[in-house]
Structure formats: structure tokens, C-alpha cells
Number of protein chains: 2
Amino acid sequence: MSTVDEVQRHVVRGLLRGEFAPGSWLRQDELATRIGVSRVPVREGLQRLAGLGLVRFEPNRGAVVPELTAADAIETYALRRGIEPRLLDQALPRLSIVDLAEAELALEPHEVAASPPDGAGRSSGDLEDGPVRGSPDVAADGPVSGLSPTEANWAFHRALYRAAGWQRGLAMVEILHAAVAPYVLLYTRKLGGAATSHAEHVELLAACRARDRERAQATLADHLDHAETALVDWLRRDHGD
Amino acid sequence: MSTVDEVQRHVVRGLLRGEFAPGSWLRQDELATRIGVSRVPVREGLQRLAGLGLVRFEPNRGAVVPELTAADAIETYALRRGIEPRLLDQALPRLSIVDLAEAELALEPHEVAASPPDGAGRSSGDLEDGPVRGSPDVAADGPVSGLSPTEANWAFHRALYRAAGWQRGLAMVEILHAAVAPYVLLYTRKLGGAATSHAEHVELLAACRARDRERAQATLADHLDHAETALVDWLRRDHGD
DNA sequence: GAGTGAATAATTGCATACGATTTGAGCCAT
DNA sequence: ATGGCTCAAATCGTATGCAATTATTCACTC
């Protein structure tokens, strides 16, 4: 895997785990030393993510994790409603035992103590921790252990969509998931909205096992509706946007 | 506009105009000298496009314009069917006179002699642009002149979708357009399939003017179906995939 | 003490440089 | 001629360095 790929993975993972708070700056030096490369491949990785819309480059200020408005969230879920049902439809008859097993695996609770979003990189000078030392560096992505809720959520959906064989569509949906992940994490931890989501996942998986297209589609539609409502409400209420 | 943005524009434009044939390599030195910068921002721009899926990086071999299979085309149009109707739906009640005028403008015939795909993205050395200063060609996107058919097509759709205010969705659709553009150009020029597409555009614009949602949606659906059929058929027949 | 402006530090964006990898040409043996 | 081997040219990927921009500190005024 190329260095740029590694950088991309590192940052996407960080986003899914809530390590990069919305509005925080992704310091190139910091990422470079953390990953162990120079700033050049770091910048290239960030540019990839910029292409995907997961970060935004501001002239002479670097890359920032975009903050989400309620309107953004509505758009994101509208796009998910446009894409995910088609992916599911395409994948459903092709789902292998492995896919289903992987989805089931992602259903187990995985909550992990993620590095709390420290308002990272925010100019306000309370980064008394000295240089960025001692991050456990996570490394290999082999065993499925210590997934954040959003990581597990994406792993579940991806397992069900992958069989569609739509690389581009899968990438697009991953982006949409990652785009809302920082916020989903926030409201999940505050409101504990994971219960209904989990139940819907179970139901969706059962429908997929039964190859019951109609039930699967209905469940997915409900799932998206509920997730959108929860996020948008939270953005409007607790976030003032 | 940052240098990376300029590179991105340059390459996307080249793709929409058919200047970079599918399968050809995007030589970093060549792009760098053509645009008048070093290879670093060129690479960053290409990485952005890689994030968008418009080019693919192969280790130690650089960036290549991906070739499309019939399956890829089917996926692309499925995604367009998932996204574009929603964009149109959202935009329809918000369309301004300017949007409609812009769409109408894009309807006029614009065929221009594009640099024919010269096989492998080999340097066509007649583009020497002495000064290292930012080349003033290409310029802003103000006047609509000399658009390739695919550029005009995208300009038309963009004009109708922009009012939705969905930045991410618009970007996604642009990617989908650019991804098939090289092939659409090829079969358009060979088979002259532009006639029905143009008629559908006219009809779609009229429906939008009348704020006739149902008619607009039906027209768009037909439009996508026809475009997909034409492309997929061509890929299967004349391209052997 | 709050506001202001210059000096300093931190950070970015890009050019250059160089080792590493791939491509291609020439040469030899078969 | 054809296939394989060697070496040179082309090209890539990344580290380093530097000018330019932005952020922060701090002395100074009111």
C-alpha cells in the first residue's frame, strides 16, 4: 500500500473514530510525524480526502474538518437514500455467507474509548500536552477489535453492499458515512441513540438472510429516516445551527 | 484560486473535452510544464481526482485515466438515477431566471475541434508556454464558448441542479458525468447520437420552466435511460468489453 | 486593564533534489 | 529472427529547504 493510501486510511479512520473534531485543523507536521513520513505524502492524502469532501483546504491555512449544518445533514441523507437502496438491491441476490457473517460480526458492541476530540488544532492555546507523543498508532487493520460505533456501523453496511460490485458507489457511500460520523458519534454518546439503530440492523440482516427484498428495502428506508431525524434534530437543538 | 485547484480544473476540463483518452497516462512533468508549476501541486491535484475516482494511481507508474467497462457504465448510470432526480426535485421550485437562461445557453450547439486523443497522452509539443507565470489561457468560466458536447451537457444539467444548493451532490454528479465523458464523446462523434439527447434537453428545460415536476422527472428518467442504453451498447459492441 | 501594533513563532505551499522503480534499447546467445 | 540479459533513460515517490502567509506574543499607549 502506498504511503498516500496509508495517510488516507489514517485520517478516515480518525474521522470515523471521532478523533478529529469538526472544525479542527489537520496539522501536516503532526500527521507526518505521527505516521512517520514527510509532509508531501501527507498533503497528497489530504488532497484525496479533499476530493472526497471529507476535509476542506483553505488557502494558506491547511486542511480543516468541515462542520456540518442541518442542511448538510439533510443533503447527505438524501444522497444516501438515493444510493444505498440501489446498492442493497444489487447486492441482495449476490450476498455470500462471508458477507453475511461479516455483517453479523459488525453487529456486536464495539464501543471503545476513543481519544476524546480535544478541539484539536484549535488555535486557542490549551494544547499543553507538548508535542504529539504517545499516540498508540493503531497500526494494522487486521483483527476487528475496538471499533467505534460509526466504524462498526459502516462495516455493517459495507458488508451488505460490497457484493453489489459497485466500487464507485461503495466509495461514495463511505464518504457520506464518514462525513456525518463525527456528529453521529457526538449525539450517540450524549443521547445513546444506538438502541433503535441496532435493532434495525438486526432486522435488516435477517431480511437479507431471507433474501426478502421488500422487507430489506423497507427496513433500510426506516433506518435512514430514523438516523436522519436523530442527527438533524440534534444539530438543530444542541448545536445551534 | 490555489495552484492545486488550477491543476484540477485543467485535468477535469481535459477529461470532459476528451483530451485525455481512457487508458492514457497523465505524465506529471508534462502537466507541470504545461500549467507552469512543479510536479508537487500537480501530484496533489491528481490525488484529488483520484479521490474522486477520475484517475487511478498505480504504484510507481503514476496516474492513469481509468477505462470503463459496460458494468462500470451501468453502475454510473444507476448512481445518476439515484442522485439526479433528487437534485432536480430539490432544485425545481428554486430555479431562478438566471439558472434557466444558463441552461438554455448550454443547449446551443458548441462542437469544437478538440485535440484528438493522441493515443497515450504523449506530449504534443506545440503547447510551449514560455513564461513560468500562471498561464492565462482557459481563464474563468464566464463566457460559454467552444464547449465540447460533454462539457455543454454537464453545463446544462448543472444549471438545473445548482439551485438545489447541494454542494456535495452536485460534485458527485459532476464526477459521474466526467467519468463517462471520454466514452460519450467517442460514441457521439462516431454515431451522432446527440439528436435525441438534445431533444430531451429541450423538453426537460421546458418542463422546468413550467415547474412541471412530474414531466421533468419523466423526461430526466427517459434521458438517463437513453444515454445509458447508447453508451452500454456501444461499449459492448464497438469496444469489446 | 483593554486595545493596538510590531516582532516572533508556527504553518503552509511550492520548488528543488535524489534515490527507487519502471520502461526501453541494444546486445548476445540460441 | 526470437528470447533473454544488461544497462541507460524516463518517470515516479518522497525528503528537504525556503519564501510567503497566518497566528501568537508582548511591549506599549490610552
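Atom set for the values below is all heavy atoms of this structure, side chains included, hydrogens, waters and symmetry mates excluded. In this text, all values refer to a predicted model and were calculated from it rather than measured experimentally. Letters A, B, ... mirror the listed sequences (proteins, then strands); counts begin at 1.
Looking at every heavy atom in both residues, B:Tyr161 comes nearest to B:Ala91 through O-CB, 3.9 Å. The minimum heavy-atom distance linking B:Val42 with B:Gln28 is given by the pair CG1-O, 4.0 Å.
Only one option out of B:Leu15, B:Val180, B:Val184 pairs with B:Thr150 in a side-chain contact (heavy atoms from CB on, under 4.5 Å); it is B:Val184.
Atom CG of B:Leu26 is separated from atom P of D:dG13 by 12 Å (rounded to the nearest Å). Here D:dA23 presents its C1' atom at 14 Å from CD of A:Glu58, a figure rounded to the nearest Å. If you take CH2 of A:Trp25 and C1' of D:dT22, they are 10 Å apart, rounded to a whole angstrom. Rounded to whole angstrom, the span from the CG atom of B:Leu31 across to the C1' atom of D:dC12 amounts to 14 Å.
Using a 4.0 Å heavy-atom criterion, one finds that A:Ser2 contacts no nucleic acid atom at all.
In this structure, the nucleotide among C:dA15, D:dT14, C:dT12 sitting nearest to the side chain of A:Arg27 is C:dT12. Distance from the side chain of A:Val4 is smallest for D:dT14 among the nucleotides C:dT23, C:dA15, D:dT14. For A:Val40, whose side chain is taken as the heavy atoms from C-beta onward, the closest listed nucleotide among D:dA15, C:dT22, D:dC12 is D:dA15.
Mapping B:Arg39 and A:Pro59 onto DNA chain D via the closest heavy atom, the residue that lands nearer the 5' end is B:Arg39. Remark on DNA chain D: of its neighbouring residues A:Asn60 and A:Ser38, the 5'-side contact belongs to A:Ser38, judged by nearest-heavy-atom nucleotide.
Looking at heavy atoms from C-beta onward, A:Leu186 lies in side-chain contact with A:Trp234 at the 4.5 angstrom threshold.
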